[in-house]
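Below: the structure, in structure tokens.
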Amino acid sequence: MIFNSPLFLFLFVPFFFAIYYVADKNLRRIIGVAGSFLFFSWGQSFYIPIIVGIILWNFYFAHNLKKERSNKYLLWVGIAGNLALLAFFKIISTYGIDWMLSAGMPQRITDLFERLGFPLGLSYISFQTISYLVDIYKKRIGAETSLLNFALYIMLFPKILVGPITRYKKVVGSLSTPQINKDDIANGIRRFLRGLAKKVLIADILAKLVNITFKLGPESILPHIAWLAIIAYALQIYFDFSGYTDMALGLGMMMGFDLGENFNFPYISESIGEFWRRWHISLSVWFRDYVFYPLERKRI
């Protein structure tokens with residue numbers, strides 16, 4: 001299910017938010033978790049046990065890290081579990097089962113994985129769980145005591161498709177009893193419609209030009225057409241990604257969550273470094289805080 005599909009726009013959204021808004025505020029997290037699992041499982045219910053396993057795995061290690069904060073072994077085992085699952089599905093989705101066959105694995109095993117793809121949002125889920133475990137180890141946050149709250153944090157459907165990578169401390173205050181008001185709903189609807197317009201009216205239209213041009217052979221493309229296609233492709237990528245992000249942020253606001261900005265007009269940047277600080281901000285900041293800074297401190 002994608003945000004601009006008729007199924008999502010005219011069935012899922014009306015029914016979900018109708019139930020979400022009329023329910024008691026203490027029940028909203030239950031509805032949020034149920035709706036998020038329904039959204040995730042639409043067309044790929046096979047992966048639900050895997051996602052449940054991720055939630056239980058990280059919930060368990062987070063509580064053990066809370067008790068033994070100095071135990072780096074627990075931290076690395078918890079992170080390794082997330083990375084191993086992510087790497088496995090990345091390899092499966094990229095190379096299929098050929099690598100298994102070349103490694104001499106029995107046919108009965110390869111048959112089990114033959115139809116596997118890449119679970120929806122697994123990369124974003126993995127980045128969130130890793131940052132969650134590291135932040136608990138570093139004493140930046142406390143471990144979530146409610147499994148329901150933690151499941152809502154991991155599975156919150158607005159951010160599962162394309163992010164942003166939302167850290168636990170940004171939404172922890174809204175997990176137990178999400179607070180919503182008329183202004184949040186109105187602003188969320190406007191943000192969602194803006195993202196929908198970016199995706200449908202700009203990105204998808206540009207995609208038609210780009211796809212037609214890219215299908216032509218090099219000898220059939222004039223230089224000015226090639227430049228036009230390159231510019232159109234750059235704009236298509238931006239409006240597609242930022243459009244989905246706007247829709248995600250709008251849905252989050254409608255549910256009472258601030259998921260964090262992910263784009264800041266990247267194409268007005270004056271340098272490559274500035275561009276990456278404006279493009280997919282949550283991913284750039286994640287790598288800065290959890291990869292580059294720790295490595296730099298070790299080097300010093």
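Numbers here simply count residues along the sequence, with the first being 1.
A side-chain donor from one of Ser176 and Asn149 sits under 3.5 Å from a side-chain acceptor of the other. A donor-acceptor contact under 3.5 angstrom links the side chains of Asn262 and Ser282, judged on distance only. Checked by atom type, the side-chain pair Tyr168/Gln128 shows no donor-acceptor distance below 3.5 Å. When only modelled atom types and interatomic distance are considered, Asn211 and Tyr233 share no side-chain donor-acceptor pair under 3.5 Å. Asn181 and Asp183 are not linked by any side-chain donor-acceptor pair at a separation below 3.5 angstrom, with hydrogens and angles left out of the test.
Between Phe275 and Trp279, the ring planes are parallel. Angles under 30° get that label, and only those over 60° would be called perpendicular. Below 30°, between 30° and 60°, or above 60°: for Phe263 and Tyr238 the angle between ring planes is above 60°, a perpendicular geometry. Classified by interplanar angle (parallel below 30°, tilted 30° to 60°, perpendicular above 60°), the ring pair Phe3/Tyr244 is tilted.
Salt bridge annotation for Glu261-Arg191: present, with a cationic side-chain nitrogen under 4.0 angstrom from a carboxylate oxygen. A salt bridge between Asp240 and Lys199 is present, with a side-chain N of the basic residue lying under 4.0 Å from a carboxylate O of the acidic one. The existence of a salt bridge linking Lys198 and Asp204 is excluded, since no basic side-chain nitrogen approaches an acidic carboxylate oxygen closer than 4.0 Å.
The side-chain heavy atoms of Leu283 and Phe127, taken from C-beta on, include a pair separated by under 4.5 Å. Counting only heavy atoms from C-beta outward, the side chains of Phe241 and Asp246 never approach each other to under 4.5 Å. A heavy-atom distance below 4.5 Å is found between the side chains of Val77 and Trp57. Here the side chains of Leu120 and Tyr47 are not in contact, with every heavy-atom distance at 4.5 Å or above. In this structure the side chain of Arg29 never reaches within 4.5 angstrom of the side chain of Leu175, judged on heavy atoms. Looking only at side-chain heavy atoms (C-beta outward), Trp286 and Val291 come within less than 4.5 Å of each other. Between Leu147 and Leu56 the shortest side-chain heavy-atom distance falls below 4.5 Å. In this structure, Arg167 and Val285 have side chains that are in contact, with non-hydrogen atoms separated by less than 4.5 Å.
For Lys159 and Tyr153, the positive end sits near the middle of the six-membered ring, less than 6.0 Å away and at most 45° from its axis.
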### Query
Step by step, would you call Tyr21 with Ile185 a side-chain contact (heavy atoms from CB on, under 4.5 Å)?
CA-CA 10 Å; Tyr21 289 148; Ile185 296 173; 3.6 Å; yes

### Message
Apply side-chain contact (heavy atoms from CB on, under 4.5 Å) to residues Met155 and Ile51 and explain how you reach the verdict.
### Response
CA-CA 9 Å; Met155 290 299 298; Ile51 299 302; 3.1 Å; yes

### Message
Using side chain to side chain donor-acceptor pair (under 3.5 Å), reason through Asn82 and Thr129 one step at a time and then give a plain yes or no.
### Response
CA-CA 8 Å; Asn82 290 292; Thr129 52; 3.1 Å; yes

### Message
Between Leu7 and Trp42, does the side-chain contact (heavy atoms from CB on, under 4.5 Å) criterion hold? Intermediate values first, please.
### Response
CA-CA 11 Å; Leu7 177 66; Trp42 202 275; 3.1 Å; yes

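For Phe12 and Phe157, the gap between ring centers is short of 6.0 Å. If you look at Phe8 and Phe39, their ring centroids are closer than 6.0 Å. Ring centroids of Tyr132 and Phe150 are separated by less than 6.0 Å, placing the two rings close together.
Among all heavy-atom pairs drawn from Ile31 and Ala23, the shortest one is CD1-CB, 3.2 Å. The minimum heavy-atom distance between Leu259 and Gly252, with the atom names listed, is CD1-CA, 4.2 Å.
At most 12 heavy atoms of other shown residues, nucleotides or ligands fall within 6.0 angstrom of atom OH in Tyr60.
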